[in-house]
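Scroll down for the structure; my scribbles are underneath it.
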Amino acid sequence: MRIAIEREEFTLNYQPLFDNHNSIISAEALIRWQHPTKGWISPADFIPLAEETGLIIYLGEWVLREACRQLKQWESTSFFQLPLIAVNVSPKQFRQSNFVSQVKQILAEFEVHPERLVIELTEGIVIADVDDTVKKMNALQSLGIRIAIDDFGTGYSSLTYLNTLPIDVLKIDQSFVRDINNDNNTAIVGTIISMAKHLGLKVIAEGVETEGELKYLMSAGCRMFQGYLFGKPLSADLFAKFHITNQQKKITANCLISAQ
Ligand code: C2E
Ligand code: MG
Ligand code: MG
């Protein structure tokens, strides 16, 4: 894997996150590995391996650096400003003693304001070592970095952490969104949205694929979305084109409304 980084076999794809006004509010950086003989390998297959071998430390740092570099490059060459960039951080990476200083240094290196970075953590990471988590999350928050809980609802979590930790966003796992017509999932999704609202947290629905799912999510009060219905993960170049097309569509729609 270390060699694969040197050979530049890893790339990042970017998936747009939308608000209810059809604006792109963020992009999630998702890693891809183009193996010379095996072709594309899914992160679901190699991230656990990278965790086991410890190479995630190396890979995770590369992801953070590449996402920040790309954010700045879009600004200088594509003339759009993406408000936020989200990066997934895995347990071993988060547990490194120098994790916070590493993030701080990368942000400074690329002159990315900390408030533009969202770090996605899973519930498992959050509750594994509470003292270390509290310390690191507070340090990240004091820098201005935002924290999202990814795949929310799938971990064995104690909900008390929602009250005590500086969390900004809950991302409802796609398994609940996908089967939204199932009564249990409707109840789970509705409950997560209303709980987030009461706790003052933002909520994003992951894996939104159909108009029906979107309609229900909207009716339940969700205002931020990620999923194939809105846009698939794209290479950096295609993401830039997608973003510009979306901006143009919005301008056209606004002109049509004001001309009426
Ligand atoms: P995740 O962070 O929950 O990312 C969302 C996953 O859902 C992505 O899969 C994305 O392609 C997929 N997805 C998005 N919208 C839809 C949809 O509408 N329908 C369906 N069926 N899928 C959708 P991907 O890229 O294969 O990543 C899988 C997981 O691998 C990620 O889940 C994340 O946990 C991990 N991962 C990806 N990149 C990184 C990385 O740079 N670092 C770390 N530590 N983990 C990563
Ligand atoms: Mg994620
Ligand atoms: Mg997720």
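Remember, it's 1-based here, ligands and their atoms both numbered in the order they're listed.
In this structure, atom 9 (O) of ligand 1 has no protein heavy-atom contact shorter than 4.0 Å. Within the 4.0 angstrom cut-off, atom 32 (O) of ligand 1 has no protein heavy-atom neighbours. Proximity of atom 14 (C) of ligand 1 to the protein is indicated by at least one non-hydrogen atom lying closer than 4.0 angstrom.
When the heavy atoms of Lys171, Gln226, Gln174 are ranked by distance to atom 22 (N) of ligand 1, first place goes to Gln174. For the residues Asp150, Leu64, Leu229, Ile125, the heavy atom positioned nearest atom 1 (P) of ligand 1 is part of Asp150. Taking all heavy atoms of Thr122, Asp45, Ile47, Leu30 into account, the minimum distance to atom 37 (C) of ligand 1 is reached by Leu30. Distances from atom 24 (P) of ligand 1 to the heavy atoms of Gly60, Pro43, Ser42 show the closest one on Pro43. With Asn88, Ile56, Val89 as candidates, the residue nearest to atom 45 (N) of ligand 1 on a non-hydrogen basis is Asn88.
Taking the charged nitrogens against the carboxylate oxygens, Glu111 and Lys72 have no contact shorter than 4.0 Å, which rules out a salt bridge. Classification of Lys241 and Asp237 as a salt-bridged pair fails, no side-chain N sitting under 4.0 Å from a carboxylate O. Using a 4.0 Å cut-off between a side-chain N of Lys or Arg and a carboxylate O of Asp or Glu, Glu75 and Arg116 qualify as a salt bridge.
Not one N or O on the side chain of Asp19 forms a donor-acceptor pair closer than 3.5 Å with the backbone of Ile25. In this structure, Gln15 contributes its side chain and Gly231 its backbone to a donor-acceptor pair below 3.5 Å.
Of all protein heavy atoms, the one closest to atom 44 (N) of ligand 1 is Ser90 CB, 3.5 Å. The protein heavy atom nearest to atom 19 (N) of ligand 1 is Glu209 OE2, 2.5 Å. Tyr228 CE2, 3.2 Å is the protein heavy atom nearest to atom 16 (C) of ligand 1.
For the pair Gln15 and ligand 1, the shortest N or O to N or O distance falls below 3.5 Å. Polar contact check, Ile31 against ligand 1: a nitrogen or oxygen pair lies under 3.5 Å apart. The shortest N or O to N or O distance between Glu206 and ligand 1 is under 3.5 Å.
Within ligand 1, counting atoms from 1 as listed, the ones closer than 4.0 Å to a heavy atom of Gly227 are 15 (N), 18 (O). Residue Asp151 approaches ligand 1 through these ligand atoms, each under 4.0 Å from one of its heavy atoms: 3 (O). Within the listing of ligand 1, atoms 11 (O) sit less than 4.0 angstrom from a heavy atom of Pro233.
Residues Thr37 and His35 have side chains that bring a donor and an acceptor to within less than 3.5 angstrom of each other. No side-chain donor from either of Gln141 and Asp168 sits under 3.5 Å from a side-chain acceptor of the other.
Within a 6.0 Å radius of NZ in Lys104, other residues, nucleotides and ligands contribute 12 heavy atoms or fewer. Within a 6.0 Å radius of NZ in Lys232, other residues, nucleotides and ligands contribute 12 heavy atoms or fewer.
By the criterion of side-chain heavy atoms lying less than 4.5 angstrom apart, applied directly or through intervening Ile, Leu, Val, Met, Phe, Trp or Tyr residues, Phe225 is not grouped with Leu30; the two fall into different hydrophobic clusters.
Between Trp74 and Phe80, the ring-plane angle classifies as tilted under the 30° and 60° cut-offs.
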**OP:** Verify side chain to side chain donor-acceptor pair (under 3.5 Å) between Glu28 and Asn13, making sure each step is shown before the conclusion.
**Re:** CA-CA 8 Å; Glu28 179 174 1; Asn13 273 1; over 6 Å; no
**OP:** Give the C-alpha distance, both sets of side-chain angles, the deciding distance and a yes or no for side chain to side chain donor-acceptor pair (under 3.5 Å) between Thr133 and Arg95.
**Re:** CA-CA 8 Å; Thr133 304; Arg95 292 281 165 242; 3.2 Å; yes
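For the Mg ion (ligand 2), the nearest N, O or S atom contributed by Glu28 is named OE2.
Protein atoms of type N, O or S found under 2.8 Å from the Mg ion (ligand 3) total 4.
When side chains are defined from C-beta on, Glu109 does not count as touching Cys68, because their heavy atoms never get closer than 4.5 Å.
Judged by the shortest distance from any of its heavy atoms, Glu51 lies outside the 4.0 Å radius around the atoms of ligand 1.
In this view, His198 and Ser194 satisfy the side-chain contact (heavy atoms from CB on, under 4.5 Å) rule, not counting sequence neighbours.
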